[in-house]
Amino acid sequence: MIPALDIDPFCKAFFDDPYPAHAAMRDAGPVVYLTQYDVHAVARYNDVRAMLLDWGSYTSARGVGISDFAKEKPWRLPSLLLETDPPLHDRTRKLMDKVLSPAAVRGLREAFADAAELLIDDLLARGTFDAVRDLAEAYPLTVFPDAVGMPAENRRFLLPYGNMVFNSFGPRNSFFEAAVADAEPVLAWVQAQSKRDALSTTGFGAAIHAAVDDGDIAEAEAEVLVRSLLTAGVDTTVNGLCAAVYCLARFPAAFEQLRADPSLARAAFEEAIRLESPVQTFFRTTTRDVTIGGEMVPEGTKILMFLGAANRDPRRWDQADTFDMTRRNAGHVGFGAGIHACVGAVLARMEGELVLAALARKVSRLEITGEPKRRYNNTLRGMASLPMRMVAG
Ligand code: OVM
């Protein structure tokens, strides 16, 4: 028997405190049925990881949201990376792996480091600020569009666009409706920015379009792949940085540890990703009758993977709910796993490392000075506002 639970993982109360519900799903069994949405779910580390690795049994091509592309028209043209299986996936992924390679990312390191230093100096001069708007959003919104080769105008549109797409993986609830209320200009802008002529001749965007000349992909495909960068390259990092700053501000001993050894910056960012899991969930769809922990789940079933619950599963992690930047956190699924594992992780980790290293070297005190406000999104976990004071030293 697969346990049936009436948990709603797409409502305000759940987003405010998902952890009791995560535990209830993990403890109920390896696979559960969520009555409110007629979907199955996995929340234990081992089952989430196994599902991420078995793309043959759990397809992404029917969408990685609650909507089944075999039954409903997709909300937007499907991604050629995220919402595909091999062999198409492998062709596009190979190109994106090359565009976002460690060597390509390394070439940006100095510019990204300078931007991080400048940002923290500026925030120290101000003293008080909002760590969401002025730090977590400000940094990726500067460095990432530059790296893609985008023009300077309207870059903030990347935030509402990410908010729309990540909400669209959930049900058509009030969060989704609010996010798409004024979609038209943002969608038009994103589409325009994906075109070759809109992008500089250097940068990730140009590198994707160059593959058209080599005959590797079609022009229209290049535009959809650039769109993937614009979709997944900002909001995710914003919430990762927000998670890291929020952790360091709440755990002063951890911040002291980081100040004493700024080379822990990379590990601190990684631990924040494990603990807060900015991308909380994705769906898969079964391609055949499968067994999960001895329970049969039929072909064509939507299964919700709780990455955030897996990353705090006490079956896998000691002191799972504690922020500990010295723990061995390799193997967390905050960036996914398997063929769809985050293609931009090298870049995201560098951004996190550089911002946290600048904080560690320049700041002596991090203090939350007002009520943190949560941002509600069907997929992303993050904050809308985090009032903060920083002291130099
Ligand atoms: C894409 C895409 C969109 C959202 C998320 C994502 C986390 C990728 O358009 O390819 O990965």
Side-chain angles (χ1 to χ4, degrees), residues 48 51-52 55 59-67 69 74-86 88-97 99-100 140 144-145 148 150 157-170 175-176 179-180 183 186-187 189-191 193-194 204-205 208 217 220-241 243 273 276-284 304-308 310-311 332-349 351-352 377-382:
V48 169
M51 199 165 288
L52 286 166
W55 56 265
T59 178
S60 291
R62 287 167 73 165
V64 298
I66 197 167
S67 164
F69 293 178
W75 174 74
R76 59 170 197 164
L77 192 66
S79 164
L80 293 172
L81 280 171
L82 181 75
E83 293 154 333
T84 59
D85 293 333
L88 170 58
H89 168 271
D90 293 356
R91 184 165 64 82
T92 53
R93 174 69 187 226
K94 198 169 145 214
L95 168 61
M96 296 301 270
D97 276 337
V99 170
L100 294 164
F144 186 77
V148 172
M150 300 178 72
F157 277 15
L158 291 169
L159 295 174
Y161 183 65
N163 191 43
M164 276 175 219
V165 176
F166 283 98
N167 270 308
S168 76
F169 297 131
F175 301 117
F176 171 78
V180 298
V186 176
L187 295 177
W189 178 84
V190 166
Q191 195 165 9
Q193 306 312 306
S194 301
F204 298 139
I208 292 170
I217 53 167
E221 291 179 316
E223 291 172 13
V224 183
L225 289 172
V226 172
R227 191 194 65 175
S228 282
L229 290 182
L230 307 191
T231 309
V234 174
D235 246 14
T236 47
T237 326
V238 165
N239 290 298
L241 288 170
I273 300 299
E276 291 293 328
S277 300
V279 177
Q280 284 276 299
T281 48
F282 271 127
F283 286 85
R284 294 288 187 264
L304 181 53
M305 303 180 293
F306 283 91
L307 309 179
N311 280 343
H332 78 75
V333 291
F335 288 111
I339 65 167
H340 289 284
C342 179
V343 70
V346 177
L347 189 69
R349 285 177 169 130
E351 291 182 44
N377 183 287
N378 287 330
T379 302
L380 295 172
R381 177 166 180 77

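Both counts, for ligands and for their atoms, begin at 1 and track the order of listing. Below, all heavy atoms of this structure are taken into account, side chains as well, without hydrogens, waters or symmetry copies. All figures in this text were calculated on a predicted structure; none of them were measured in a lab.
Around CD of E221, the count of heavy atoms belonging to other residues, nucleotides or ligands within 6.0 Å exceeds 12.
A donor and an acceptor atom, one from each side chain of T231 and R76, are located under 3.5 Å apart. Defined by atom type and a distance below 3.5 Å, a donor-acceptor pair is present between the side-chain atoms of N377 and N163.
A distance limit of 4.0 angstrom between heavy atoms and ligand 1 selects the residues R76, S79, L82, F166, F169, S228, T231, A232, F282.
Partners of F283 according to the ring pair (Phe, Tyr, Trp, His ring centres under 6.0 Å) rule, which considers only residues two or more places apart in sequence or in another chain, do not exist here. Scored by the ring pair (Phe, Tyr, Trp, His ring centres under 6.0 Å) test, F144 finds no partners at all (sequence neighbours excluded).
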With a 3.5 Å cut-off and sequence neighbours excluded, list the donor-acceptor pairs that the side chains of residues 334-342 form with protein atoms.
residue	atom	partner	partner atom	Å
H340	ND1	L81	O	3.4
H340	NE2	S60	OG	3.4
H340	NE2	T84	O	3.1

